[in-house]
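What's counted below: heavy atoms across the whole structure, side chains too, no hydrogens, waters or symmetry copies. Throughout, numbering of the chain's residues begins at 1 and tracks the sequence.
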Amino acid sequence: MHVVEISRGRDFSTSVNNIHINKTKPVWHNYFLCGLKGIQEHFGLNSSTGMNCLLDGTIPPSSGLSSSSALVCCAGLVTLTANGKTLSKVELAEICTKTERYVGTEGGGMDQSISFLAEEGTVRSTVAVHGTMQEMKSTKTSNRSLLYRAAACATWIPGKAKLIEFSPLRATDVRLPSGAAFVIANSCVEMNKAATSHYNIRVMECRLATKLLSKAKGLEWKKMLKLQDVQAKLGVSLKEMLTIIEEVFHPEPYSVEEICTCLGISLEELRTQILSQNTQDVRYLLMNNCNMEYFHFILVTTFKLYQRAKHVYSEAGRVLEFKKICSEAPASALQLLGELMNQSHISCRDMYECSCPELDQLVDICLQFGAIGSRLTGAGWGGCTVSMVPSDKLSTFLTNVKEAYYKSNDQRLALEKNSLFATKPGGGALVFLEA
């Protein structure tokens, strides 16, 4: 297999029957290999068809617009087609979600799902209700369940969003009001989530919060993996879960020792029974804080379980509230949806702590110049914001944001051409064949 990336003049070659993905080195072609490997494993292909591939795109790198997941999905679809196999869009999304974890990030499935399930003329408002992070997304034009955790970016014409739910994966249309546009603005702070531990640490904190909540409520905590599982087993509402969080957790960070005490387990049991393969970075830090092999990872000594759980359940609540507003279509719908986006960013910034100063500055600028709502999108710690802007203010909004954020910094100005835009929603991944 030979893959050539046109925009940066890079290429990569390997045997399709000897795929090795080194997750300690987060390079671009690993994402292509993930998609390839996923199809091979699903069908048990011992001898796959070789391929020559040209790759191109306009998404800024490490900008939170799901370009990595899009590449995984593209590779999966190409490999499927080249080997004469067929799968449903849902099956493809599930395979690509699972196989992207080979790069070392413990991601969910929102990006992969909308990459395949998006429909032309709909805005991707993907909602992964009750995942590690919930946001609502809008349909990708090329490419993390309330509001717009990214990738989404679309001129908001009267159309449909996609409510995406898991276990099982399914998508439901949600009709959106007219009169606004989705605008993407890149902070120009690159964040490769596969190259750092930020993302996986949040996943682990949510998993630990799940365990402690389950233990406190008398559930079989060892079987619980997601905060969604706790709510489902208790049979309570999201609002009630927020009350339970106040009862069970204290706001102060938890030490490893306190977590072990609460669960009645040893540090060794914590490492071997709770941490996943993709939280090996944290795992080794817990074992030996002086292990130089993992020195590039963040030193983790405490975990903010209250804050992470509160963010997840409140964000899931905002997803459902977003859907409710769209369904009821009150006169103030745009303002209400914008406020949900603003609440989401505040929660991402203060409770999940996945923002950064540049993103916060950019959100403030967008709101200052007319956005009804604005928030970070993608994994966070850099990347883009998505803002909801009244259609009649779009032109002046773009001009003012460019002046305030990009022209004030030479590095940002150099990247501005592909960093600030409103786009129309597009369909999911397709294969074009000559007649």
With a 4.5 Å heavy-atom cut-off, do [X] and [Y] have their side chains touching?
X      : Y      : answer
Thr210 : Leu225 : no
Val103 : Leu33  : no
Pro253 : Tyr306 : no

Criterion salt bridge (Lys or Arg N to Asp or Glu O under 4.0 Å) against Lys304, the qualifying member of Glu353, Glu205, Glu252: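 The single option meeting the salt bridge (Lys or Arg N to Asp or Glu O under 4.0 Å) with Lys304 is Glu353.
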
State whether the side chain of [X] and the backbone N or O of [Y] hold a donor-acceptor pair below 3.5 Å, judged by distance alone.
X      : Y      : value
Ser255 : Glu258 : yes
Ser88  : Glu91  : yes
Glu269 : Ser266 : yes
Asn200 : Gly104 : yes

Check this for me, if you would: do [X] and [Y] make a salt bridge, where the nitrogen-to-carboxylate-oxygen distance has to be below 4.0 angstrom?
X      : Y      : answer
Arg318 : Glu321 : no
Arg375 : Glu315 : yes
Arg412 : Glu358 : no
Glu246 : Lys310 : yes
Glu94  : Lys98  : no

